[in-house]
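Have a look at the structure below, then the notes.
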Amino acid sequence: MILVTGGAGFIGANFVLDWFRHSDEAILNVDKLTYAGNLGTLKSLQGNSKHVFARVDICDRAALDALFAEHRPRAIVHFAAESHVDRSIHGPVDFVQTNVIGTFVLLEAARQHWSSLNDADKAAFRFLHVSTDEVFGSLSAADPQFSETTPYAPNSPYSASKAGSDHLVRAWHHTYGMPTLTTNCSNNYGPYQFPEKLIPLMIANALAGKPLPVYGDGQNVRDWLYVGDHCAAICEVLARGKVGETYNVGGWNEKKNIEVVHTLCDLLDELRPKATGSYRDQIAYVKDRPGHDRRYAIDARKLERELGWKPAETFETGLAKTVGWYLGNQAWVDEVASGDYRNWVETNYAQRA
Ligand code: NAD
Ligand code: TYD
């Protein structure tokens, strides 16, 4: 089997669901179930004996050792992390704890397991670490896209903690020979994304008649990657990636935030028209994020050249699927956005008005 961490979160859960559409290999899904983890996302797997869920914190070495001893995975795909930049600004400690210490503890537990394997299994073992383009810092409009050799220059507590985890993974390969792989991807979007992130937040607020809070001047650029394309890329890297290498994963979709919000409003105007006016009327420019990176852009040619992967979705097709999914799954949003999420909205947005 393979071990997936963070498989109840947005990308991890999409990965697990996609995996069972093309593989009958079992998954051990290790997730702490923070506010961002939701077993409801995985309810279609209830009764599937190939999906084994363990509510475990990746910082808990004893619990990880027990899982490795019992299940003896052939590979690890490591998604578990604190992932939201704004939360990292308000409370960085969880980011250092899970992203840096958690990755360290997981690497050590994996190394102990890997060391116990016979030579063939050792050579076939993989530790795939899922990281972000944010470790490369901020680009200006004229800069070339991030490549695999762009120097690290993280600017937020989130990206700094992810950069730290990338360095640990690199070192565990160079020092101990662990067969690691690292992927650095751009902004994902798609079904089951927690509504604190730009796209699902704008959809939820639009439908609720609330303001659409655009940070700063709305001109910050992100590259958007449909989550299904990202999961396909991870499968390729896991199966055929060169050990010790890093791969950038991007959607070739650089967009300004305001363009994304306009496109979302236009889609909603078409699919769920308001009684009067347009959803664009709800757009509200608010105080910027401190240290807000201006532009991220990914050069994903290495992945295409070496492994033949390229995204199947354009921004238009991916966004239409995503909006359609959120319109049909309001109950999922209501479930995950209850409780503590309301406190977060108050913490992050009250002061921006
Ligand atoms: P997410 O916040 O939606 O999910 C994270 C999952 O990890 C949750 O299920 C949570 O319960 C779990 N988790 C958190 N701390 C844990 C711990 N200590 N032990 C075990 N489980 C824990 O995140 P996501 O958007 O699915 O991102 C997955 C990975 O991809 C992360 O490593 C993130 O840095 C990276 N990434 C995400 C994006 C994006 O656009 N979402 C872009 C680039 C990279
Ligand atoms: P986000 O989804 O938080 O991803 P990241 O910061 O990791 O790129 O934000 C995407 C972009 O959208 C980013 O430039 C910040 C901006 N943004 C807003 O303008 N308003 C919001 O309410 C949020 C959550 C994000």
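All ligand and atom numbering here is 1-based and tracks the order in the structure.
Between Glu82 and Arg87, no side-chain nitrogen of the basic residue sits less than 4.0 Å from a carboxylate oxygen of the acidic one, so the salt-bridge criterion is not met. Between Glu346 and Arg342 there is no salt bridge, since no side-chain N of the basic residue sits under 4.0 Å from a carboxylate O of the acidic one. A salt bridge between Lys122 and Asp119 is absent, with no side-chain N of the basic residue lying under 4.0 Å from a carboxylate O of the acidic one.
Using a 4.5 Å heavy-atom cutoff, the side chains of His51 and Met1 are not in contact. Within the 4.5 Å cutoff, no side-chain heavy atoms of Phe146 are placed close to those of Glu134. You'll find the side chain of Tyr247 stays beyond 4.5 Å of the side chain of Leu128, heavy atoms only.
In this structure, of Ser165, Ser186, Ser83, the residue bringing a heavy atom nearest to atom 23 (O) of ligand 1 is Ser83. The option from Thr132, Ile11, Asn188 that lies nearest to atom 37 (C) of ligand 1, judged by heavy atoms, is Ile11.
Polar contact check, His78 against ligand 1: no nitrogen or oxygen pair lies under 3.5 Å apart. Looking at Asn187 next to ligand 1, no N or O pair under 3.5 Å apart turns up. Remark: ligand 1 and Glu82 share no N or O pair separated by less than 3.5 Å (distance only, no angle test). Between Val30 and ligand 1, a contact under 3.5 Å exists for no N or O pair. Residue Asp133 has no N or O atom closer than 3.5 Å to an N or O atom of ligand 1. On a distance-only criterion, Ile58 and ligand 1 share at least one N/O pair closer than 3.5 Å. At under 3.5 Å, not a single nitrogen or oxygen of Asn38, backbone or side chain, sits near a nitrogen or oxygen of ligand 1.
The protein heavy-atom contact nearest to atom 4 (O) of ligand 1 is Gly9 CA, 3.4 Å. Protein heavy atom at the shortest distance from atom 11 (O) of ligand 1 is Asp31 OD1, 2.6 Å. Nearest protein heavy-atom neighbour of atom 21 (N) of ligand 1: Lys32 N, 3.0 Å. Nearest protein heavy-atom neighbour of atom 36 (N) of ligand 1: Tyr158 OH, 3.9 Å. In this structure, atom 5 (C) of ligand 1 lies nearest to the protein heavy atom Ala81 O, 3.4 Å. With hydrogens left out, the protein atom closest to atom 15 (N) of ligand 1 is Thr98 CG2, 3.5 Å, a heavy atom. Protein heavy atom in closest approach to atom 3 (O) of ligand 1: Phe10 N, 3.1 Å.
Judged purely by distance below 3.5 Å, without hydrogens or angles, the side chains of Tyr215 and Asp86 pair a donor atom with an acceptor atom. For the residue pair Lys197 and Ser83, a side-chain donor N or O sits within less than 3.5 Å of a side-chain acceptor on the partner. No side-chain donor from either of Thr263 and Asp266 sits under 3.5 Å from a side-chain acceptor of the other.
Seen from the ring of Phe20, Lys50 does not count as a face-on cation partner, given the 6.0 Å and 45° thresholds.
Residue-ligand proximity: Ala8 is placed with a non-hydrogen atom under 4.0 Å from ligand 1. Proximity of Leu33 to ligand 1 is established by a heavy-atom distance of less than 4.0 Å.
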Within the protein, flag every N or O under 3.5 Å from an N or O of ligand 2, and note the pair and distance.
unit_1: ligand 2; atom_1: 2 (O); unit_2: Leu198; atom_2: N; d: 3.0
unit_1: ligand 2; atom_1: 3 (O); unit_2: Arg289; atom_2: NH2; d: 3.1
unit_1: ligand 2; atom_1: 4 (O); unit_2: Asn187; atom_2: ND2; d: 3.3
unit_1: ligand 2; atom_1: 6 (O); unit_2: Arg289; atom_2: NH1; d: 2.5
unit_1: ligand 2; atom_1: 6 (O); unit_2: Arg289; atom_2: NH2; d: 3.2
unit_1: ligand 2; atom_1: 7 (O); unit_2: Glu134; atom_2: OE2; d: 2.5
unit_1: ligand 2; atom_1: 8 (O); unit_2: Asn187; atom_2: ND2; d: 2.9
unit_1: ligand 2; atom_1: 8 (O); unit_2: Arg222; atom_2: NE; d: 2.7
unit_1: ligand 2; atom_1: 12 (O); unit_2: Asn257; atom_2: ND2; d: 3.4
unit_1: ligand 2; atom_1: 14 (O); unit_2: Arg222; atom_2: NH2; d: 3.2
unit_1: ligand 2; atom_1: 14 (O); unit_2: Asn257; atom_2: ND2; d: 2.8
unit_1: ligand 2; atom_1: 14 (O); unit_2: His292; atom_2: NE2; d: 2.7
unit_1: ligand 2; atom_1: 19 (O); unit_2: Tyr215; atom_2: N; d: 2.8
unit_1: ligand 2; atom_1: 20 (N); unit_2: Pro213; atom_2: O; d: 2.7
unit_1: ligand 2; atom_1: 22 (O); unit_2: Pro213; atom_2: O; d: 3.4
unit_1: ligand 2; atom_1: 22 (O); unit_2: Tyr349; atom_2: OH; d: 2.6

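Each of the following atoms of ligand 1 lies closer than 4.0 Å to a heavy atom of Gly37: 8 (C), 9 (O), 11 (O). Each of the atoms 43 (C), 44 (C) of ligand 1 lies under 4.0 Å from some heavy atom of Ser131. Every atom of ligand 1 with a heavy atom of Val56 under 4.0 Å away is listed here by number and element: 19 (N), 20 (C). For ligand 1, the atoms lying closer than 4.0 Å to a non-hydrogen atom of Val130 are 30 (O), 32 (O). Every atom of ligand 1 is numbered from 1 in the order shown, and the set under 4.0 Å from a heavy atom of Thr34 is 10 (C), 11 (O), 14 (C), 15 (N). Residue Cys185 approaches ligand 1 through these ligand atoms, each under 4.0 Å from one of its heavy atoms: 42 (C), 43 (C), 44 (C). Near Phe79, meaning under 4.0 Å from any of its heavy atoms, are these atoms of ligand 1: 28 (C), 29 (C), 31 (C), 32 (O). Close approach of ligand 1 to Lys162 (heavy-atom distance below 4.0 Å) involves ligand atoms 31 (C), 32 (O), 33 (C), 34 (O).
Between Phe315 and Tyr189, the distance separating the two ring centers is shorter than 6.0 angstrom.
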*Does the salt bridge (Lys or Arg N to Asp or Glu O under 4.0 Å) test come out yes or no for Glu108 and Arg111, once each step is laid out?*
CA-CA 5 Å; Glu108 280 296 80; Arg111 185 163 72 92; 2.9 Å; yes
_Working note: Glu306 + Lys242, criterion salt bridge (Lys or Arg N to Asp or Glu O under 4.0 Å); need CA distance, chi angles, decisive distance, verdict._
CA-CA 9 Å; Glu306 295 189 7; Lys242 198 164 155 230; over 6 Å; no
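Relative ring orientation between Phe194 and Tyr35 is described as perpendicular, the plane-to-plane angle rising above 60° on a 0-90° scale split at 30° and 60°.
Neither the backbone nor the side chain of Tyr35 comes within 4.0 Å of ligand 1, counting heavy atoms alone.
When hydrophobic clusters are built by joining Ile, Leu, Val, Met, Phe, Trp and Tyr residues whose side-chain heavy atoms come closer than 4.5 Å, directly or via intermediates, Leu198 is grouped together with Val227.
Rounded to the nearest 0.5 angstrom, Asn253 CG and Arg222 CZ are separated by 14.5 Å.
No donor-acceptor pair closer than 3.5 Å links the side chain of Asn248 to the backbone N or O of Ala300. The backbone N or O of Met178 lies less than 3.5 Å from a partner atom in the side chain of His173, making a donor-acceptor pair.
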Solution key, residues 158-168 side-chain donor-acceptor pairs under 3.5 Å, sequence neighbours excluded:
unit_1: Ser159; atom_1: OG; unit_2: Asn155; atom_2: N; d: 3.2
unit_1: Ser159; atom_1: OG; unit_2: Ser156; atom_2: N; d: 3.0
unit_1: Ser159; atom_1: OG; unit_2: Ser156; atom_2: O; d: 3.2
unit_1: Ser159; atom_1: OG; unit_2: Ser156; atom_2: OG; d: 3.1
unit_1: Ser161; atom_1: OG; unit_2: Asn99; atom_2: ND2; d: 3.0
unit_1: Ser161; atom_1: OG; unit_2: Pro157; atom_2: O; d: 3.3
unit_1: Ser161; atom_1: OG; unit_2: Tyr158; atom_2: O; d: 2.7
unit_1: Lys162; atom_1: NZ; unit_2: Val130; atom_2: O; d: 3.0
unit_1: Ser165; atom_1: OG; unit_2: His129; atom_2: NE2; d: 3.1
unit_1: Ser165; atom_1: OG; unit_2: Lys162; atom_2: O; d: 2.7
unit_1: Asp166; atom_1: OD1; unit_2: His129; atom_2: NE2; d: 2.8
unit_1: Asp166; atom_1: OD1; unit_2: Ser131; atom_2: OG; d: 2.8
unit_1: Asp166; atom_1: OD2; unit_2: Ser131; atom_2: OG; d: 3.0
unit_1: Asp166; atom_1: OD2; unit_2: Tyr152; atom_2: OH; d: 2.7
unit_1: Asp166; atom_1: OD2; unit_2: Asn184; atom_2: ND2; d: 3.3

